[in-house]
Structures are given as structure tokens and as C-alpha cells.
Amino acid sequence: GIQVEQSPPDLILQEGANSTLRCNFSDSVNNLQWFHQNPWGQLINLFYIPSGTKQNGRLSATTVATERYSLLYISSSQTTDSGVYFCAVNTGFQKLVFGTGTRLLVSP
Amino acid sequence: DTEVTQTPKHLVMGMTNKKSLKCEQHMGHRAMYWYKQKAKKPPELMFVYSYEKLSINESVPSRFSPECPNSSLLNLHLHALQPEDSALYLCASSHVEGTQYFGPGTRLTVL
């Protein structure tokens, strides 16, 4: 099956810093989603981005489908950005495969 | 409304108990999903219902029994679970092949 790897696995930032999270996938995908999982376990949709670039406030994402990777940019990080960030890919047939995750801690 | 609700939030059960997890959405989605997430791991797909019919079962043991009584509701019936089944159980819904929206999860502990 498809492999979805995220880097870095762990990231510690000072409040106000910027960061880039990466998601590599091993095969063609129909779509890609980015999620933030908060400390209580809730998965929050960030982006649905099979290709191209999207922005939402301090967050933006870029997917280069032909090169099989996606990037999530977080600017001016805040303590509420802490949690685990997952990318997830869909290769068809409604099966969403999650990446390995990046655990982010933003300290004040 | 982009909300998926799940009950209960927490559940503790013995290995001989029978319990059920419930999931509800009112977004008009016709696909609903169960995922299992162990600590410090990504969610893993268990079941997919499409138009109220089971379309994917990821080789889940029969002690987990899904049910989709109508297009808004999804249940997961639990029987004779093992301690290793302790996990966060997440429900999601979507338009068929669309963005998946997740509920807050049920944190299950099997004693």
C-alpha cells in the first residue's frame, strides 16, 4: 500500500517563529488533507489540497502532486498551534491513509 | 454545520461487557467511517459505509460490529474486547470521495 511519511517527527518552537512541515507519499493520490489534532484528540480540518497552494490566515499549504509531496507552513506560531499535525491521502475507494505525524510544541 | 458528534466521550468496559459507540452527522453526507487510533500513532481506518451499506472492512476482528441504521447515524457495537483494543475511536463523515470531517472521538479503556 501507499506509504506516507512526515518530517520532522517532532518540532519545538518559540512563540512567533515560523515552520514548515513536510509530507511525502509514495504513489499517486486523488486528494490530500492536512489535519491538526489537538491535545484532546479532536482532528481539525486545515486544508483539502490535492494540488496547488491554499492559504488560511497564518497557515498555508502547497501540494506538488507530480513530485509526491505537500508542505504546510505555519507563520507567527502561537501556543494554541501545539498538537500533532497529520497529512492524509486518498488513493480512491474512500480510503484515507494518514501520515506518521509531526508533533509540534510552541512555547511562550 | 460541519459537526460530527460522538457519544460517549469516555468508556471503560470489562472484557465480558457489550457496549456501543454512537456517531451522528447532519451534513447530508452519505459516507461514514470508523477509525481507531492508538497512543502516539496515526488513525487507522476500520470501516466505511457508503449509502448506508458497508463498503470497506479493513479485516477488523468480529468483536467489532458496525451498523448504519440511517444516513445520519453510525454505531459501533463492541463485545468481548481485549485490553489491546483500548484506543481512541474516531468517527468521520463525507460526501462520497470528499473531505472527511471527524468527530471528537470516544476514548475506550478495556480492563
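Naming convention: chains lettered A, B, ... in sequence-line order (proteins, then strands); numbering from 1 in each chain.
Note on Ser50(B), Pro43(B), Gly98(B): by heavy-atom pairs under 4.5 Å with chain A, the leading option is Pro43(B). The greatest number of non-hydrogen atom pairs below 4.5 Å with chain B, out of Gly101(A), Ala88(A), Gly41(A), is found for Gly41(A). When Gln33(A), Arg103(A), Gln37(A), Lys95(A) are compared by the number of non-hydrogen pairs under 4.5 Å with chain B, Gln33(A) comes out ahead. Listed options Phe98(A), Phe35(A), Phe86(A) were ranked by heavy-atom pairs under 4.5 angstrom with chain B; first place goes to Phe98(A).
Residues Phe64(B) and Tyr89(B) have side chains in contact (heavy-atom distance under 4.5 Å, counting atoms from C-beta outward). With contacts defined as side-chain heavy-atom distances shorter than 4.5 Å, the pair Thr80(A)/Val106(A) does not qualify. Counting heavy atoms from C-beta on, the side chains of Lys22(B) and Leu73(B) never come closer than 4.5 Å. Proximity of Val89(A) to Ile2(A): side-chain heavy atoms (C-beta onward) are separated by under 4.5 Å at one or more points.
Inspection of the His29(B) and Ser93(B) side chains reveals an N or O donor paired with an N or O acceptor under 3.5 Å. Inspection of the Glu24(B) and Gln6(B) side chains reveals no N or O donor paired with an N or O acceptor under 3.5 Å.
Rounded to the nearest 0.5 Å, atoms NZ (Lys36(B)) and CE (Met46(B)) are 6.5 Å apart. Separating the CG atom in Asn90(A) from the CD atom in Gln100(B) is a distance of 7.0 Å, to the nearest 0.5 Å.
Taken together through direct or relayed side-chain contacts under 4.5 Å among Ile, Leu, Val, Met, Phe, Trp and Tyr, Val4(B) and Leu74(B) form parts of separate hydrophobic clusters.
The pair Lys38(B)-Glu44(B) does not count as a salt bridge, with every side-chain nitrogen at least 4.0 angstrom from each carboxylate oxygen.
Proximity to chain B among residues 44-79 of chain A is limited to Asn45(A), Tyr48(A), judged by heavy-atom separations below 4.5 angstrom. For a heavy-atom cut-off of 4.5 Å, chain B lies close to Asn31(A) in residues 4-31 of chain A.
Using cut-offs of 30° and 60° on the angle between ring planes, the pair His36(A) and Tyr85(A) is parallel.
Looking at Gln25(B), its side chain never comes within 3.5 Å of a backbone N or O of Ser72(B) through a donor-acceptor pair.
Both the backbone and the side chain of Lys40(B) come within less than 4.5 Å of a heavy atom of chain A. Interface remark: Ser94(B) contributes no atoms to any contact with chain A (heavy atom separation under 4.5 Å).
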